[in-house]
Amino acid sequence: MTKTPPASPCRKPLRTLDPTANAVKILITGGDGQLALALARALRSAHELTLVSRRELDITDAAACQRWIGHVRPDVVLNAAAYTAVDRAESEVDLAFAVNCDGPGHLARACAGVDALLVHFSTDYVFDGHPSQRRAYREDDATAPLGVYGASKLAGEQAVASLCPAHLIFRLSWVYSNDGANFYKTMLRLAGERNELRVVADQWGVPNYAADLAATIARIATLPLDELRARRGVYHLSATAENPDHGVSWHAFATAIVAGAGLGNRVAVTPINTSDYPTAARRPAFSVLDGERARKTFGLNLPDWRDALIRCLAARASTR
Ligand SMILES: NC(=O)c1ccc[n+]([C@@H]2O[C@H](COP(=O)([O-])OP(=O)(O)OC[C@H]3O[C@@H](n4cnc5c(N)ncnc54)[C@H](OP(=O)(O)O)[C@@H]3O)[C@@H](O)[C@H]2O)c1
C-alpha cells in the first residue's frame with residue numbers, strides 16, 4: 001500500500017459544468033469500490049466530480065488527505081474508502097483501524113478545514129444482532145460490534161462525528177452490485193460452477209443494490225449545505241422488505257439471485273446454519289436497519305429489495 005500521494009494531486013474533474021447550474025463540487029474516495037463507482041454514476045452528469053482510488057489517495061495518509069482536499073476544495077467529500085474484509089480484519093486489526101478509523105479522522109479534519117460536508121459510510125455490523133432484538137435497529141440503539149471490522153467502523157463513526165461539524169454518516173447493510181466483490185456476485189459465479197449452493201439461513205438482514213443507495217445518497221448529499229449541517233448525524237439507509245422487522249436471510253437472498261438469473265431449475269440452494277460454516281469473524285444473526293429517520297428527514301424511500309435485485313440482474317444481462 002503506497003504512503004506516497006502524487007506530488008500534485010491534479011486529476012481532472014470527470015466533468016465540469018456550467019457553474020450557474022447548481023453543480024456541487026464532490027470528491028469521492030475509495031474510487032475502485034462498488035459504492036464509489038455507483039456514486040460516480042449517479043452524480044457525474046450533474047455535478048463536478050473527482051473520483052480517487054487508493055493508489056491516488058490512501059486515506060491513512062493524513063498529509064495526503066489535507067493535500068487533496070486543499071487542492072480540490074470540494075463542497076462535499078463522499079468517503080467510500082474502507083477496509084471491508086470482515087474475516088481478514090480479525091488478524092489485521094491495525095490495518096482495519098487505520099483505514100476505518102484513522103482515515104476517516106484525517107478526512108474529517110481536512111473537511112473541517114475547508115468547511116466541506118463529509119459523508120461517511122458505516123455498517124449494520126456495529127450491532128450484535130442479539131436474538132432478543134425483535135425489531136429493526138434504530139440509529140440510537142446500543143452498538144456492540146462482534147468483530148474487528150464492526151469495531152473499527154464504529155470507531156470511524158466516532159472520529160467523523162467529533163472532528164467534522166458538517167457530517168452525515170449513513171449505515172448500510174448487505175451492499176451488492178455488478179462491480180467489485182460481493183455475495184451476489186459470488187452466488188452467481190458458484191451457480192455457474194455447481195448444482196448445489198449451501199447458504200446460511202439463520203442470519204437476517206436486508207440486501208441493498210449499490211445503485212439505489214447511490215441514487216438516494218446523491219439526492220441527499222447535494223441538498224444545500226446549511227440544511228445538511230442542521231441535519232447532521234447518523235442515518236440508516238435500507239431497501240424495503242416485506243416485513244421490515246424481519247428482513248431476509250442470506251439463504252432467501254441466494255435463492256432469489258439464482259431464480260432471478262434463470263438457474264432455479266439447475267441449482268439447488270440448501271439452507272445451512274451459521275455453525276455449519278465457521279468463519280474467522282462472528283456476524284450478527286439479525287442486523288436489519290430501520291430507515292425511518294432518513295425517510296422522515298429527507299423524504300426519500302429506497303425501493304423493495306426484490307425489485308432492486310431484478311434491476312441489478314437486468315443491468316448485468318445487458319452488458320453480457
Ligand atoms: N459491502 C457491504 O456489504 C457493506 C455493508 C455495510 C456497509 N458497507 C460500507 O459501505 C462502504 C463502501 O463499501 P463497498 O462495498 O463499496 O466496499 P469495497 O467495494 O470493498 O470498496 C472499498 C474501497 O476502499 C478502498 N480502500 C481500501 N483501503 C483504502 C485506503 N487506505 N485508502 C483509500 N482507499 C482504500 C479499496 O481499495 P482497493 O480496491 O484498492 O482495495 C476499495 O476500492 C464502506 O464504508 C463499507 O464499510 C459495506
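Keep in mind the model is a prediction, meaning the values are calculated, not measured.
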Is the side chain of [X] donor-acceptor paired with the backbone N or O of [Y] at a distance under 3.5 Å, no angle test?
{"X": "Trp250", "Y": "Phe183", "value": "no"}
{"X": "Asp290", "Y": "Tyr137", "value": "no"}
{"X": "Asp141", "Y": "Arg138", "value": "yes"}
{"X": "His167", "Y": "Cys164", "value": "yes"}
{"X": "Asp58", "Y": "Arg55", "value": "no"}
{"X": "Glu196", "Y": "Arg198", "value": "no"}
{"X": "Glu56", "Y": "Ser53", "value": "yes"}
{"X": "His47", "Y": "Leu49", "value": "no"}
{"X": "Ser287", "Y": "Pro284", "value": "no"}
{"X": "Arg231", "Y": "Glu227", "value": "yes"}

Arg311: what forms a salt bridge (charged side-chain N to carboxylate O under 4.0 Å, His left out) with it, not counting sequence neighbours?
->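 Only Asp212, Asp307 meet the salt bridge (charged side-chain N to carboxylate O under 4.0 Å, His left out) criterion with Arg311.
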Same apolar cluster: [X] and [Y], side chain cutoff 4.5 Å:
{"X": "Leu289", "Y": "Trp204", "answer": "yes"}
{"X": "Val126", "Y": "Val234", "answer": "no"}
{"X": "Val258", "Y": "Val248", "answer": "yes"}
{"X": "Val267", "Y": "Leu313", "answer": "yes"}
{"X": "Leu163", "Y": "Ile69", "answer": "no"}

Establish, from distance only, whether the side-chain atoms of [X] and [Y] form a donor-acceptor pair under 3.5 Å.
{"X": "Asp102", "Y": "Thr60", "value": "no"}
{"X": "Asn178", "Y": "Tyr184", "value": "yes"}
{"X": "Asn208", "Y": "Ser173", "value": "yes"}
{"X": "Asp304", "Y": "Thr240", "value": "no"}
{"X": "Tyr83", "Y": "Glu92", "value": "yes"}
{"X": "Arg293", "Y": "Thr297", "value": "no"}
{"X": "Trp305", "Y": "Glu242", "value": "yes"}
{"X": "His236", "Y": "Ser238", "value": "no"}
{"X": "Gln203", "Y": "Thr274", "value": "yes"}

Quick one: does [X]'s side chain get under 4.5 Å of [Y]'s, heavy atoms only?
{"X": "Ile220", "Y": "Tyr235", "answer": "no"}
{"X": "Leu117", "Y": "Asp75", "answer": "no"}
{"X": "Val200", "Y": "His251", "answer": "no"}
{"X": "Ile26", "Y": "Leu43", "answer": "yes"}
{"X": "Ser249", "Y": "Asp202", "answer": "no"}
{"X": "Leu213", "Y": "Phe170", "answer": "no"}
{"X": "Val52", "Y": "Trp68", "answer": "yes"}
{"X": "Thr50", "Y": "Pro74", "answer": "no"}

Give the C-alpha distance, both sets of side-chain angles, the deciding distance and a yes or no for side chain to side chain contact (heavy atoms under 4.5 Å, CB included) between Gln66 and Arg109.
-> CA-CA 8 Å; Gln66 290 286 347; Arg109 272 196 202 86; 4.2 Å; yes
Any chance you could lay out the salt bridge (charged side-chain N to carboxylate O under 4.0 Å, His left out) test for Arg316 and Asp179, step after step, and finish with the verdict?
-> CA-CA 10 Å; Arg316 171 176 177 265; Asp179 298 307; over 6 Å; no
With rounding to the nearest 0.5 angstrom, report the [atom1] to [atom2] distance, [X] to [Y].
{"X": "Leu300", "Y": "Leu237", "atom1": "CG", "atom2": "CG", "result": "9.0 Å"}
{"X": "Glu48", "Y": "Leu27", "atom1": "CD", "atom2": "CG", "result": "11.0 Å"}
{"X": "Leu197", "Y": "Leu190", "atom1": "CG", "atom2": "CG", "result": "6.0 Å"}
{"X": "Asp61", "Y": "Arg54", "atom1": "CG", "atom2": "CZ", "result": "13.0 Å"}
{"X": "Tyr125", "Y": "Trp174", "atom1": "OH", "atom2": "CH2", "result": "7.0 Å"}
{"X": "Leu78", "Y": "His120", "atom1": "CG", "atom2": "NE2", "result": "12.0 Å"}

Could you pull out the closest heavy-atom pair between [X] and [Y], with the gap in Å?
{"X": "Ala261", "Y": "Leu188", "result": "CB-CD2, 3.7 Å"}
{"X": "Ala210", "Y": "Val175", "result": "CB-CG1, 3.9 Å"}
{"X": "Ala89", "Y": "Val148", "result": "O-CG1, 3.4 Å"}
{"X": "Ile257", "Y": "Leu309", "result": "N-CD2, 3.8 Å"}
{"X": "Asp245", "Y": "Ala136", "result": "OD1-N, 2.9 Å"}
{"X": "Ala181", "Y": "Gln34", "result": "O-NE2, 4.4 Å"}

Give the C-alpha distance, both sets of side-chain angles, the deciding distance and a yes or no for salt bridge (charged side-chain N to carboxylate O under 4.0 Å, His left out) between Lys153 and Glu157.
-> CA-CA 6 Å; Lys153 294 294 294 183; Glu157 290 185 7; over 6 Å; no
Salt bridge between Arg283 and Asp128, side-chain N to carboxylate O under 4.0 Å?
->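 A salt bridge is absent here (no side-chain N lies under 4.0 Å from a carboxylate O).
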Using a cut-off of 6.0 Å, state whether more than 12 heavy atoms not belonging to [X] lie near its atom [atom1].
{"X": "Asn243", "atom1": "CG", "value": "yes"}
{"X": "Asp94", "atom1": "CG", "value": "no"}
{"X": "Arg295", "atom1": "CZ", "value": "yes"}

Apply side chain to side chain contact (heavy atoms under 4.5 Å, CB included) to the pair Val288 and His246, showing each step before the final yes or no.
-> CA-CA 7 Å; Val288 178; His246 196 249; over 6 Å; no
Side chain to side chain contact (heavy atoms under 4.5 Å, CB included) evaluation trace for Ser122 with Leu154 = CA-CA 7 Å; Ser122 189; Leu154 182 60; over 6 Å; no
Ring centres of Tyr209 and Tyr176 under 6.0 Å apart?
->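 Judged by ring-centre distance (under 6.0 Å), Tyr209 and Tyr176 do meet the cut-off.
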Do Ser177 and Asn182 pass the side chain to side chain contact (heavy atoms under 4.5 Å, CB included) test, and can you show the C-alpha distance, the side-chain angles, and the key distance before you say yes or no?
-> CA-CA 7 Å; Ser177 69; Asn182 56 65; 4.0 Å; yes
